[in-house]
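Beneath this line is the structure, given in C-alpha cells, with notes to follow.
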Amino acid sequence: MTIDPGNGAVMLAAIFLILNAGLSLALQLGFVRSMFVAALRMTVQLALVGLVLEVVLTSASAWLTFGVMGFMAAVAGYEIMARQERRFAGLWGYGLGATTMLLGSAIVTVFALTIQIGPDPWYAPRYAIPLFGMMLGNAMTGVALGLNALTGEVTARRRGIEAHLLTGATRWQAMTPAMRRAATAGMVPVINAMTATGVVSLPGMMTGQILAGADPTQAVRYQLMVMFLIAGATGLGLIVAVMGGVIRLTDNRHRIRLDRLRGS
Amino acid sequence: MAQKNGLEIRHLTSAIIDVADIAVRPGVPVALVGRSGSGKSSLMRAIVDLDRNEGEVLLHGVSRSGMSAPLWRRTVVYIPAEPGWWGERVGDHLAGPDSTETRAALGLDHIPPDQPIDRLSTGERQRLALALGFARQPEALLLDEPTAALDETSRDLVEALLDPMIAAGLVLMMATHDPEQARRLGLQKLEITGGRIRGTP
C-alpha cells in the first residue's frame with residue numbers, strides 16, 4: 001500500500017528549485033544562493049537525522065534517547081536566544097527561554113507518552129523523539145516571540161509603565177498590558193495554525209501519515225491530539241517565560257530594570 | 001502618629017546623584033534649581049525609588065525602607081516633566097481618586113474620557129497629569145517643571161491650586177527654571193550641580 005519514493009524521485013523534486021533559480025537569475029530576484037544553501041543544509045541535516053534516528057530507534061537505549069532529546073532542547077534554546085532583539089544579560093539570556101520551553105515541552109510530552117499513547121517503555125524513541133521534537137519546535141517559536149515582544153514592549157513603553165508605577169501600581173499591575181501583548185504574540189502562530197488546519201492547509205504530519213499509507217481518520221485523530229499537545233506545550237512554556245521575564249525586568253521595589261538587558 | 005517633619009533625605013546616591021542632609025518641611029516649599037542634566041529629575045526619581053539607589057529617605061519620620069514601593073509612591077507623589085500614559089484614552093487613567101474637581105480647576109472639564117491621549121496637546125497632557133496627581137491629595141509632592149509646557153493662563157491655574165495646598169502644609173519640592181514662579185510660590189532655593197547639592201535649606 002505504501003509507495004516508497006526512491007532517491008531518484010527525491011532528486012527529481014529538486015528540479016523545481018533549478019527552475020526557480022533560473023527565474024530568479026532572469027528577473028534578478030537574488031535568492032539563488034540562499035535558496036541553494038538552505039536546500040543543501042536541509043539535505044545534509046535530514047540525512048544525518050535519518051542516520052541518528054535509525055541508530056537510536058534500533059538501540060532503544062534510554063541514555064541515547066534522552067541524550068538526543070537533550071541535544072535538541074539545547075539547540076532550540078540557543079535558537080530562542082538568537083531570535084531576541086534584546087536579550088537578557090548573563091545566564092538569563094539563554095536560561096530563561098531554554099528552561100521555559102523545555103518545561104512546557106517536557107511536561108506535555110511525558111503526559112502524552114504515559115497517559116495517552118502508552119508505548120513500552122514510555123520513552124520508546126519512536127514515539128518520544130518525534131513528539132518531543134514537535135513540542136519543542138512550537139514551544140521554541142512561542143517562547144521566542146513572547147520574550148521578544150515583552151522586552152520590546154517594556155523598552156518602548158517604559159515611560160507609560162513608570163507612570164502607572166508612580167500611581168502606586170504594583171509591578172504586576174503595571175506590566176499587565178505588556179504581558180498581554182507578549183502572550184498574544186507568542187500564541188498567534190499556534191492559534192492561526194489551529195484555525196486554518198483542515199481548511200486552508202493539511203498539516204505536514206497528517207499529510208505525511210496519509211502518504212505513508214495510514215488511514216485518514218487515524219491520521220486526523222493523531223493530528224488533533226498533536227495540535228492540542230502543541231497548544232498546551234506552547235502556552236505553558238510561553239506563560240512561564242513571560243512571567244519570568246516580568247520578574248527579571250522589574251525588581252522587588254517595583255522598578256523597571258532595563259539594565260538587566262544586554263547593552264543597555 | 002509621627003511628627004510632621006516633612007521629607008528628610010539623610011543620604012541618597014544613585015548612578016547620577018549623591019546628596020545628603022536635605023529636608024523639605026511642610027508648608028516650606030523648595031525650588032530645585034540647576035542646569036539641564038544637573039540631576040534634578042534623577043534626584044526626584046531616586047526619592048520615589050524609580051531608579052536604583054541607596055540611601056535613607058523619611059517622610060514625617062517614617063522611613064521608606066519599611067514601606068512597600070507602591071505605598072511609598074502613593075504617599076510621595078512625583079509628576080515627571082513629560083508625563084507618561086499607560087492607556088490609550090483619557091478614561092484609562094481615571095481609575096484613581098476622583099479628579100473631577102482638579103481637572104475642572106485646570107480647565108480640562110471639556111475633555112471626554114474616550115479622548116485618545118495622543119490627541120491632547122502637550123499642555124493639556126501636562127495639566128491632566130497635574131490634575132490626577134493633585135487629586136491623590138499627596139502628603140509630599142515632587143513636581144518636575146510642572147508649568148514648562150503651559151501658557152500663562154494655565155500656569156496661573158496651576159499656581160492657584162498649589163497655593164492653598166502649600167498653606168495647608170504640603171511638602172513640596174519643585175524643579176523650575178522660572179525665578180518669578182519661585183518668588184510667587186515662596187519657594188526656598190535649593191541648587192543642584194553635577195548631582196550634588198550645595199546650600200542646604
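All chains are named by letter (A, B, ...) in the order of the sequence lines, taking the proteins before the strands, and each is independently numbered beginning at 1.
Side-chain atoms of A:Arg159 come within 3.5 Å of backbone N or O of B:Glu82 as a donor-acceptor pair.
For the pair A:Asp259 and B:Arg52, the salt-bridge criterion is met [side-chain N within less than 4.0 Å of a carboxylate O]. Salt bridge status for A:Arg255 with B:Asp49: present, with a side-chain N to carboxylate O gap under 4.0 Å.
Few gaps surround CD on B:Glu56; more than 12 heavy atoms of other groups in view lie less than 6.0 Å from it. B:Glu152 CD: 12 or fewer foreign heavy atoms inside a 6.0 Å radius. When the shell of 6.0 Å around CZ of A:Phe31 is examined, it contains more than 12 heavy atoms from other residues, nucleotides or ligands.
In this structure, chain A has a heavy atom under 4.5 Å from the side chain of B:Val48, while its backbone stays farther away. Both the backbone and the side chain of B:Leu50 come within contact range of chain A, each with at least one heavy atom under 4.5 Å from a heavy atom of that chain. At a 4.5 Å heavy-atom cutoff, the contact between A:Arg253 and chain B is made by backbone and side-chain atoms alike. Proximity to chain A is absent for every atom of B:Thr75, based on heavy atoms less than 4.5 angstrom apart. Heavy atoms closer than 4.5 Å to chain A are found nowhere in B:Asp92, neither backbone nor side chain.
The shortest distance between side-chain heavy atoms of B:Arg45 and A:Glu162 falls below 4.5 Å.
Minimum heavy-atom separation, A:Gly168 to B:Pro70: O-CB, 3.1 Å. Contact detail for B:Gly84 and A:Ala163: the closest heavy-atom pair is O-CB, 3.1 Å. Nearest approach of B:Ala69 to A:His254, heavy atoms of both residues: CB-CD2, 4.0 Å.
Contacts from residues 184-192 of chain A to chain B, taken as heavy-atom pairs separated by less than 4.5 Å, involve no residues at all.
With respect to B:Trp86, the side-chain contact (heavy atoms from CB on, under 4.5 Å) criterion is satisfied by exactly one of A:Thr167, A:Leu165, A:Thr176: A:Thr167.
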